[in-house]
Amino acid sequence: MNLADLAHPAEEVAPKLLGAVLTHEAPEGTVSITITETEAYSGAADPASHAYRGRTPRNAVMFGPAGHLYVYRSHGLHWCANIVTGTDGIASAVLVRAGRIIEGEDLARKRRGGMAESSRLARGPGNFCQALGITAEHNGAHLLAGASVTLSEGEPVPAALIRVGPRVGVSKAHDWQHRFHLAGDPTVSAYRLSPRAKPSAGA
DNA sequence: AGTAGGATGATCT
DNA sequence: GATCATCCTACTG
């Protein structure tokens, strides 16, 4: 996985991001996390996407070129990070939902409040961002080599381990098979159907 | 200007 | 499984 591979629709890129590594070099230290769970979101055709109703100040980064971070606030407390994919002008992004920490676990644990279990440090999109140290200041950040947040190739992931299923927590188009994760990995978050979920047509 | 509703997570029962 | 903390965005009038 390199930056050029991101120039494709989110649902194509999302499974390929499994096994890739996000690294954040902060003043207090470096944390690297292997991605184990992703979800694809697109634009006008995806009712669950922030970009469904068109471009707004919040979602503008989703419409930009691939290789940037789209960070948004969830429920007033959590930060969630997307990797923007696809073509400039068309909204497309992959939500990073969970990962396995491979560097800087002590710092990640400290950011998470000292919790013990390693497999839960970056489980769930909000927790992932907290462990990696991602906040609003990273919205729009370019994942260039040398930047504070970078994307790099990790260990190859056997295709047989990749699972696909419905997205978590979305109230619209909840049955779209746009969530990808590694089978049997303890760092993957639990599936949860949105209480507002209603049946819908879709891919 | 007002307000409904989150791409969540921790905690309690 | 239910509750709730907490606040921003975007839609409505």
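The figures here come from the full heavy-atom set of this structure, side chains too, leaving out hydrogens, waters and symmetry mates. Per chain, numbering begins at 1; letters A, B, ... match sequence-line order.
Rounding to the nearest 0.5 angstrom, the gap separating the CH2 atom in A/Trp79 from the CD1 atom in A/Ile134 is 11.5 Å. A/Asn139 CG to A/Tyr70 OH: the interatomic distance, rounded to the nearest 0.5 Å, is 7.5 Å.
Residues A/Val61 and A/Leu69 are not in side-chain contact: their nearest non-hydrogen atoms beyond the backbone lie 4.5 Å or more apart.
A straight line from CG of A/Asn127 to P of B/dA7 spans 17 Å, rounded to a whole angstrom. The CG atom of A/Asn59 sits 11 Å away from the P atom of C/dT9 (whole-angstrom rounding). Atom NE2 in A/His174 sits about 18 Å away from atom C1' in B/dT8, given to the nearest Å. For A/Ile134 and B/dA7, the CD1 to P distance is 20 Å, given to the nearest whole Å. What separates CD of A/Glu11 from C1' of B/dA7 is a distance of 16 Å, to the nearest Å. For the pair A/Trp79 CH2 and B/dT8 C1', the interatomic distance rounds to 13 Å; values are reported in whole Å. Rounded to an integer number of Å, the gap from A/Glu37 CD to B/dA7 P is 16 Å. Between the P atom of B/dA10 and the CZ atom of A/Arg120 lies a distance of 8 Å, rounded to the nearest Å.
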Audit row: A/Thr85, A/Ser92, side-chain hydrogen bond (donor to acceptor under 3.5 Å, both in side chains) steps and yes/no: CA-CA 5 Å; A/Thr85 69; A/Ser92 178; 2.7 Å; yes
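With distances taken from any side-chain atom of A/Thr56 to the nucleotides C/dA10, C/dA5, B/dG9, the minimum falls on C/dA10. Here the nucleotide nearest the side chain of A/Leu77, chosen from C/dA10, B/dG9, C/dA5, is C/dA5. Taking every side-chain heavy atom of A/Tyr41 into account, B/dA7 is the closest of C/dT6, B/dT8, B/dA7.
A salt bridge is absent between A/Glu117 and A/Arg123: the closest approach of a Lys/Arg side-chain nitrogen to an acidic carboxylate oxygen does not fall below 4.0 angstrom.
Looking at heavy-atom distances under 4.0 Å, A/Arg58 makes contact with sugar-phosphate atoms alone, never a base. In this structure, A/Arg179 reaches neither bases nor backbone, as no heavy-atom distance under 4.0 Å exists between it and the strands shown. Nucleic acid contact class of A/Asn82 (heavy atoms, under 4.0 Å, all strands): base. Within 4.0 Å (heavy atoms only), A/Met62 reaches at least one base atom of the nucleic acid.
The side-chain hydrogen bond (donor to acceptor under 3.5 Å, both in side chains) with A/Arg100 is formed by just one residue from the set A/Thr36, A/Thr34, A/Asp185; it is A/Asp185.
Using bins of under 30°, 30° to 60° and over 60° for the plane-to-plane angle, the ring pair A/Tyr72/A/His50 lands in the perpendicular bin.
Listed pair A/His75 / B/dG6 fails the phosphate criterion, with no side-chain N or O lying under 4.0 Å from OP1 or OP2. In this structure, A/Ser171 does not reach the B/dG5 phosphate: none of its side-chain N or O atoms is under 4.0 Å from OP1 or OP2. Using a 4.0 Å cut-off, some side-chain N or O of A/Arg112 falls inside it from OP1 or OP2 of B/dA10.
Side-chain polar atoms of A/Ser189 and A/Arg97 form a donor-acceptor pair below 3.5 angstrom.
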Base-pairing string, 5' to 3', of DNA chain B - Watson-Crick or wobble, under 3.5 Å, | interstrand: ||||||.|||||.
